[in-house]
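Worksheet: the structure to be examined is printed underneath.
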Amino acid sequence: MPTPPSGFEVPLWRAIAVFRVASLAYVCVLALRHFDRYAHPLAAVGVVLLMAAWTGVTAVGYARPARRGWPLLAADLAVVLGILLVSPWVAGRAALAAGVPTLAVAWLAGPVLAWAVSGGRRRGTVAALAVGAADLVTRERIGQSSLTGVILLLLAGVVVGHVARLAVTAEERLHRAVELEAATRERERLARDIHDGVLQVLALVQRRGAHLDGEAGELARLAGEQEAALRALIAGTAPAGADTDGGPVDLRALLGRYASAAVSLSAPATPVPLPGPVAHELVAATAAALDNVARHADGRAWVLIEDEGATVTVSVRDEGPGFPDGRLAEAAAEGRLGVARSIRGRLADLGGTVRITSAPGAGTEVELTVPRGSDGAREE
């Protein structure tokens with residue numbers, strides 16, 4: 001997993017550098033204390049100088065994200081393993097058996113921590129096992145203290161690796177939150193600009209043309225649909241006519257954006273999934289029915305979603321003036337085709353049915369029923 005150029009891991013790499021320096025100081029103290037007991041004292045001095053130089057190399061190397069790759073990680077582990085393996089010759093088997101510590105002491109945990117931060121728990125565990133095995137090989141007798149050191153290395157690799165992965169995850173979530181906040185602010189800015197211009201024009205066209213017939217009335221209806229779609233877009237939801245992947249969508253979510261103080265929506269407590277094209281066409285037909293309510297009634301409507309298994313029904317009811325039998329046929333003959341095209345035509349293409357019930361003074365109810373398995377095309 002690549003390390004980000006900056007973020008929450010930076011303090012961890014700095015902590016490793018501090019640990020290396022502090023542990024090197026401890027190595028120097030022990031080396032001075034046991035200098036006369038080493039089998040090859042001058043070689044011990046050379047090893048300590050090598051450790052000091054490598055501490056500087058790793059401090060500079062790990063400071064830059066581009067250098068925290070496998071070459072430096074592998075070299076870091078190899079240097080520590082090499083120092084551990086030469087410890088029996090430098091210090092002498094007799095000195096080690098008498099209790100003289102190995103040359104690396106706590107400094108050997110440096111690559112374990114670096115591997116853990118760079119790759120998480122797994123890398124930390126691998127490095128800890130390699131260093132622990134090399135440490136045990138250098139000892140003639142393996143006692144409880146030796147095993148305790150290996151266990152501590154394993155715990156350090158696992159815990160530090162886990163913390164490092166949590167840091168990466170937290171940073172990714174923070175970046176997403178920042179991006180979302182920026183997108184939200186931009187959407188709000190656009191919403192203000194659009195509201196002052198485009199939305200007001202579309203609303204004006206819809207209001208002025210709502211009472212007209214023929215193509216002018218159709219243009220007003222389309223302006224109303226586009227106004228609703230644009231409002232949904234700048235609000236952060238997909239417009240009612242959008243279909244991104246053609247997969248199942250919840251009809252409740254699509255119709256939910258039409259709920260308002262004037263439009264009451266009743267739906268099942270569980271999702272009502274429909275194929276994307278079917279759901280969007282059904283929503284468009286419902287929107288057309290609601291437009292008729294706003295145009296011919298007082299705008300107050302009740303929408304009911306019924307999931308009947310093989311079919312889904314959406315009912316739109318109002319308490320407007322209603323109309324007598326045969327009125328829809330007369331309107332179609334006169335060229336007013338809003339219901340015929342926007343509602344019946346859509347449902348017919350889906351293989352569904354439309355039932356319109358109305359009487360003068362009794363309001364109107366429109367029932368839109370579609371088969372759940374419809375794919376948006378009807379066999380001829």
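- Shortest non-hydrogen contact noted between A31 and Y38 is CA-OH, 3.6 Å.
- Linking ILVMFWY residues whenever their side-chain heavy atoms come closer than 4.5 Å, directly or via other members, leaves V27 and V21 in distinct clusters.
- Side-chain heavy atoms closer than 4.5 Å link hydrophobic residues (I, L, V, M, F, W, Y) into clusters, and following such links, even through other members, never connects L155 to L166.
- Side-chain contact between I305 and L265 is present, with at least one heavy-atom pair separated by less than 4.5 Å.
- What you find for L84 and A104 is that their closest heavy atoms are CD2-CB, 4.0 Å.
- Every residue meeting the side chain to side chain contact (heavy atoms under 4.5 Å, CB included) condition with R67, not counting sequence neighbours, appears here in chain and number order: V60, R64.
- In this structure, L290 and Y258 have side chains that are in contact, with non-hydrogen atoms separated by less than 4.5 Å.
- Taking the salt bridge (charged side-chain N to carboxylate O under 4.0 Å, His left out) definition, one finds that D291 meets it with nothing, sequence neighbours left out.
- Looking at every heavy atom in both residues, L12 comes nearest to A164 through CD1-CA, 3.8 Å.
- Note that the CG atom of L174 and the OG1 atom of T169 stand 12.5 Å from one another [nearest 0.5 Å].
- Residue pairs satisfying the ring pair (Phe, Tyr, Trp, His ring centres under 6.0 Å) criterion with at least one member in residues 116-135, sequence neighbours excluded, are absent.
- Using a 4.5 Å heavy-atom cutoff, the side chains of R14 and V18 are not in contact.
- Put simply, L274 and L347 are part of the same group of oily side chains (I, L, V, M, F, W, Y) that touch within less than 4.5 Å, one to the next.
- Side-chain contact check for V272 versus R372: some heavy-atom pair is nearer than 4.5 Å.
- For R317, there are no salt bridge (charged side-chain N to carboxylate O under 4.0 Å, His left out) partners, not counting sequence neighbours.
- Here the side chain of R252 pairs a donor or acceptor atom with the backbone of A269 at under 3.5 angstrom.
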Review item, side-chain donor-acceptor pairs of residues 350-363, under 3.5 Å, at least two apart:
residue	atom	partner	partner atom	Å
R355	NE	E367	OE1	3.3
R355	NH1	T357	OG1	3.1
R355	NH2	E367	OE1	3.1
R355	NH2	E367	OE2	2.7
S358	OG	F323	N	3.0
S358	OG	G363	O	3.1
S358	OG	T364	OG1	3.0

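- Nearest heavy-atom pair, L73 versus S118, reported as atom, atom and distance to 0.1 Å: CD1-OG, 3.5 Å.
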Review item, side-chain donor-acceptor pairs of residues 86-101, under 3.5 Å, at least two apart:
residue	atom	partner	partner atom	Å
S87	OG	I83	O	2.8
R93	NH1	T138	O	3.0

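- Of the possible polar contacts, none joining the R346 side chain to the I343 backbone as a donor-acceptor pair under 3.5 Å is found.
- Interatomic distance, CG of D318 versus CZ of R300, reported as 11.5 Å (0.5 Å rounding).
- Listed here is the closest heavy atom pair of P111 and R20: N-NH2, 3.5 Å.
- Alongside L49, the hydrophobic cluster contains F35, V45 (criterion: ILVMFWY side chains under 4.5 Å).
- Hydrophobic cluster membership is shared by L103 and V105, with clusters built from Ile, Leu, Val, Met, Phe, Trp and Tyr side chains linked at under 4.5 angstrom.
- Taking the side chain as every heavy atom from C-beta outward, D76 and Y62 approach each other to under 4.5 Å.
- Considering only heavy atoms from C-beta on, E281 stays 4.5 Å or farther from V370 through its side chain.
- Rounded to the nearest 0.5 angstrom, L154 CG and L129 CG are separated by 5.0 Å.
- Judged as a side chain to side chain contact (heavy atoms under 4.5 Å, CB included), and not counting sequence neighbours, the contacts of L304 are S266, E306, S315.
- Residues that satisfy the salt bridge (charged side-chain N to carboxylate O under 4.0 Å, His left out) test with E181, not counting sequence neighbours, are R185.
- Both V126 and V160 are part of a single hydrophobic cluster, where members link through side-chain heavy atoms under 4.5 Å apart.
- Side chains of P41 and H34 form no contact here, defined as non-hydrogen atoms less than 4.5 Å apart.
- Rounding to the nearest 0.5 Å gives a distance of 5.5 Å between CZ of F19 and CG of L113.
- When hydrophobic side chains of Ile, Leu, Val, Met, Phe, Trp and Tyr are connected at separations under 4.5 Å, V29 ends up as a singleton with no cluster partners.
- Side-chain heavy-atom separations under 4.5 angstrom define the hydrophobic clusters, and L85 shares its cluster with no other residue.
- Of all non-hydrogen atoms in V293 and A301, the two that sit nearest each other are CG1-CB, 3.9 Å.
- Counting only residues at least two apart or in different chains, ring pair (Phe, Tyr, Trp, His ring centres under 6.0 Å) contacts with residues 114-148 comprise W70-W115.
- Residues W54 and V80 form no side-chain contact, since every pair of their non-hydrogen atoms from C-beta on lies 4.5 Å or further apart.
- Residue D307 holds its CG atom at 6.5 Å from OG1 of T270, rounded to the nearest 0.5 Å.
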Could you go through the side chain to side chain contact (heavy atoms under 4.5 Å, CB included) check for T58 and I16 one step at a time? CA-CA 9 Å; T58 55; I16 292 176; over 6 Å; no
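- Atoms CZ and CZ, from R122 and R165 in turn, are 12.0 Å apart once rounded to the nearest 0.5 Å.
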